[in-house]
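These figures come from a predicted structure and were not determined experimentally. Here is the naming used below: chain letters follow the sequence lines, and residue numbers restart at 1 for every chain. What's counted below: heavy atoms across the whole structure, side chains too, no hydrogens, waters or symmetry copies.
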Protein chains: 2
Amino acid sequence: MPAGVREELLSRVVDRIAEQGVGALSLRRLAADLGTSHRMLIYHFGSKEGLLVEVVREIERRQRAALASVDFDPATAPADAIRSMWRRLADPAVWPYERLFFELYGQAVQGYPGTTALLEGVVDSWLDLNVELAARRGVPAEVARTHARLGLAVIRGLLLDLLATGDRAGTDAALEAFAVGYEAGLPVPSAVGY
Amino acid sequence: MPAGVREELLSRVVDRIAEQGVGALSLRRLAADLGTSHRMLIYHFGSKEGLLVEVVREIERRQRAALASVDFDPATAPADAIRSMWRRLADPAVWPYERLFFELYGQAVQGYPGTTALLEGVVDSWLDLNVELAARRGVPAEVARTHARLGLAVIRGLLLDLLATGDRAGTDAALEAFAVGYEAGLPVPSAVGY
DNA sequence: CGGTACACGTACCAGTTGGTACAGGAGCGG
DNA sequence: CCGCTCCTGTACCAACTGGTACGTGTACCG
């Protein structure tokens with residue numbers, strides 16, 4: 001992996017932004033922290049917005065990479081898969097990235113330029129993956145999609161909680177309650193009028 | 001309600017910010033939109049940060065007001081309460097406020113000045129309320145707290161989904177799946193090792 | 001009437017912002 | 001040696017930022 005000047009710079013930019021946030025971002029301070037000049041950021045990314053776009057893409061790239069490393073053995077029970085996912089995301093070591101993710105999410109729903117690309121795959125790519133996996137178990141796509149949607153919401157909602165309160169034990173307990181309830185069997189939507 | 005000049009101004013500020021977001025906020029543009037001068041905003045709120053603080057407080061005030069108007073008759077089943085809450089929050093008419101809420105949330109977890117106050121009651125005040133309600137039904141506080149935490153996460157997570165995808169039907173279905181599963185009986189944490 | 005507290009606008013300030021013009025300098029193929 | 005491409009820094013710009021100084025109008029109270 002030769003990386004390339006630009007890619008290596010981008011990686012450092014993302015790491016730095018994960019620590020400091022993107023709201024009060026200034027090209028000059030960012031460049032100074034990175035030991036270069038703001039001119040370089042403009043040179044490599046064209047503009048501040050261009051840099052933001054690349055940051056968002058890099059975040060997505062890393063999320064996909066993390067996703068790919070999750071245990072998706074069809075033999076694994078869905079409840080265990082969600083437990084494993086939670087364990088990974090709730091780790092304090094990745095909190096800076098979670099924070100950045102939610103900050104960008106908040107900006108994206110407001111339609112700020114450069115960030116909106118984040119919204120495109122932010123839900124559906126996860127649902128699609130789950131539908132595909134469930135199909136191997138013979139679960140109908142509609143059901144799998146709804147359940148995945150719920151599971152994703154639980155994880156993201158609890159992450160929001162965790163980042164605000166820092167209450168790892170409380171959020172762990174809530175996730176476990178969900179997982180156990182899920183194991184007990186969630187109803188299929190078609191049985192309740194959907 | 002005589003309102004008062006400052007309160008009336010704050011109300012208009014919040015409405016305006018809900019439409020435009022708080023990220024690219026400038027006192028001058030905001031004032032111009034409101035038909036006044038940025039000097040007035042400083043005069044009434046002391047500084048930009050002071051104004052932000054008041055905006056956050058106003059958001060909390062409105063949330064508490066909305067919360068108070070929800071049907072909390074102890075006779076209402078928890079699953080119906082969460083359905084009612086979802087119906088209220090998923091209404092497109094309040095999307096601008098949801099967007100603002102999540103944008104501020106994202107800034108707050110990054111520790112930006114003026115916004116962090118949002119985090120204090122953002123989870124616990126809801127949990128406390130639920131614990132109190134559950135007590136009237138004889139539900140133990142620990143269980144009620146965990147279940148409330150999960151329900152809150154589901155709603156917030158699905159709201160994030162809804163704001164990103166606009167898929168009302170999909171998120172409705174996911175919430176319904178959760179509500180039905182909840183009616184079927186969630187396990188108590190003590191039974192699973194907590 | 002006078003005065004005093006509040007509400008408001010204009011003009012201005014210093015600092016910072018993103019972006020640009022320009023000048024190299026390092027490496028390399030010819 | 002030249003020339004060329006990639007990379008980097010300095011100096012600068014106009015625009016905009018939050019905040020301040022100062023003056024004005026207005027309403028209420030004595």
Side-chain angles (χ1 to χ4, degrees), chain A residues 1-17 19-58 100 103-104 107-108 110-117, chain B residues 1-17 19-58 100 103-104 107-108 110-117:
Chain A
M1 208 189 290
V5 183
R6 188 187 131 120
E7 280 64 31
E8 207 273 339
L9 182 58
L10 177 59
S11 176
R12 291 171 59 209
V13 164
V14 170
D15 289 341
R16 197 68 187 171
I17 287 184
E19 293 170 17
Q20 315 208 337
V22 81
L25 178 66
S26 124
L27 294 185
R28 295 174 133 88
R29 278 211 319 274
L30 177 63
D33 289 345
L34 264 49
T36 179
S37 66
H38 82 291
R39 172 69 183 81
M40 280 305 92
L41 297 173
I42 301 266
Y43 173 76
H44 285 293
F45 304 103
S47 66
K48 185 184 186 182
E49 181 180 333
L51 179 138
L52 246 187
V53 170
E54 290 307 313
V55 167
V56 167
R57 282 205 193 132
E58 175 71 12
L100 178 57
E103 189 191 1
L104 287 173
Q107 302 212 4
Q110 291 284 17
Y112 296 154
T115 62
T116 51
Chain B
M1 210 188 289
V5 182
R6 187 186 131 120
E7 281 64 31
E8 206 273 339
L9 181 59
L10 177 59
S11 176
R12 290 170 59 207
V13 164
V14 170
D15 290 342
R16 196 68 188 172
I17 287 184
E19 292 169 17
Q20 314 208 336
V22 81
L25 179 66
S26 124
L27 294 185
R28 296 174 131 88
R29 277 212 320 274
L30 178 61
D33 289 345
L34 263 50
T36 178
S37 68
H38 83 289
R39 172 68 182 79
M40 281 304 93
L41 297 173
I42 302 265
Y43 173 74
H44 285 292
F45 303 102
S47 66
K48 185 184 185 180
E49 182 179 332
L51 180 137
L52 245 187
V53 170
E54 290 306 311
V55 167
V56 167
R57 283 205 192 131
E58 174 71 12
L100 178 57
E103 188 191 1
L104 287 172
Q107 303 212 1
Q110 292 283 17
Y112 295 156
T115 61
T116 50

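Spacing between atom CZ of R28(A) and atom P of dC16(D) amounts to 16 Å, rounded to whole angstrom units. Across the protein-nucleic acid pair, K48(B) atom NZ and dC16(D) atom C1' stand 11 Å apart, rounded to whole Å. Whole-Å rounding puts the L27(B) CG to dT20(D) C1' distance at 13 Å. Distance, R29(B) CZ to dC16(D) P: 10 Å, rounded to whole Å. In this structure, H44(A) places its NE2 atom 9 Å from C1' of dC6(D), rounding to the nearest Å. The interatomic distance linking M40(A) (CE) with dT10(D) (C1') rounds to 11 Å, in whole Å. To the nearest angstrom, P of dT8(D) lies 12 Å from CG of L34(A).
Taking every heavy atom of both residues into account, V22(A) and Y112(B) meet most closely at N-OH, 3.1 Å. Closest of all the heavy-atom pairs between R12(B) and L34(B) is NH2-O, 2.7 Å. Contact record, S37(A) with A31(A): C-CB, 3.3 Å, taken as the closest heavy-atom pair. Annotation for V14(A) and L100(A): closest pair O-CD2, 4.5 Å, computed over non-hydrogen atoms. Annotation for L27(A) and L41(A): closest pair O-CD1, 3.5 Å, computed over non-hydrogen atoms.
If A24(B) and T36(A) are placed on DNA chain D by their nearest nucleotide, the residue sitting closer to the 5' end is T36(A).
A donor and an acceptor atom sit less than 3.5 Å apart, one in the side chain of H38(B) and one in the base of dG19(D).
Contact check, S26(B) against dT17(D): a side-chain N or O comes under 4.0 Å of OP1 or OP2.
Among the protein residues, L41(B) comes within range of no part of the nucleic acid, since none of its heavy atoms lies under 4.0 Å from any strand. Within the 4.0 angstrom heavy-atom criterion, no nucleotide atom of any strand lies near L9(A).
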* To do: Indicate for each nucleotide in nucleotides 21-27 of chain D, in 5' to 3' sequence, whether protein heavy atoms under 4.0 Å reach the base (B), only the sugar-phosphate (S), or nothing (-).
  => BB-----

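Here the options are Q110(B), E49(B), E103(B), Q107(B), the test is side-chain contact (heavy atoms from CB on, under 4.5 Å), and the partner is T115(B); only Q107(B) passes.
Bounding nucleotides for the chain B contact on DNA chain C, 5' to 3', at a heavy-atom distance below 4.0 Å, are dC6(C) to dC12(C).
If you take NE2 on H44(A) and CZ on R39(A), they are separated by 9.0 Å, rounding to the nearest 0.5 Å. In this structure, L51(B) CG and L9(B) CG are separated by 8.0 Å, a value rounded to the nearest 0.5 Å.
The backbone N or O of A117(B) lies less than 3.5 Å from no partner atom in the side chain of R57(B), so there is not a single donor-acceptor pair.
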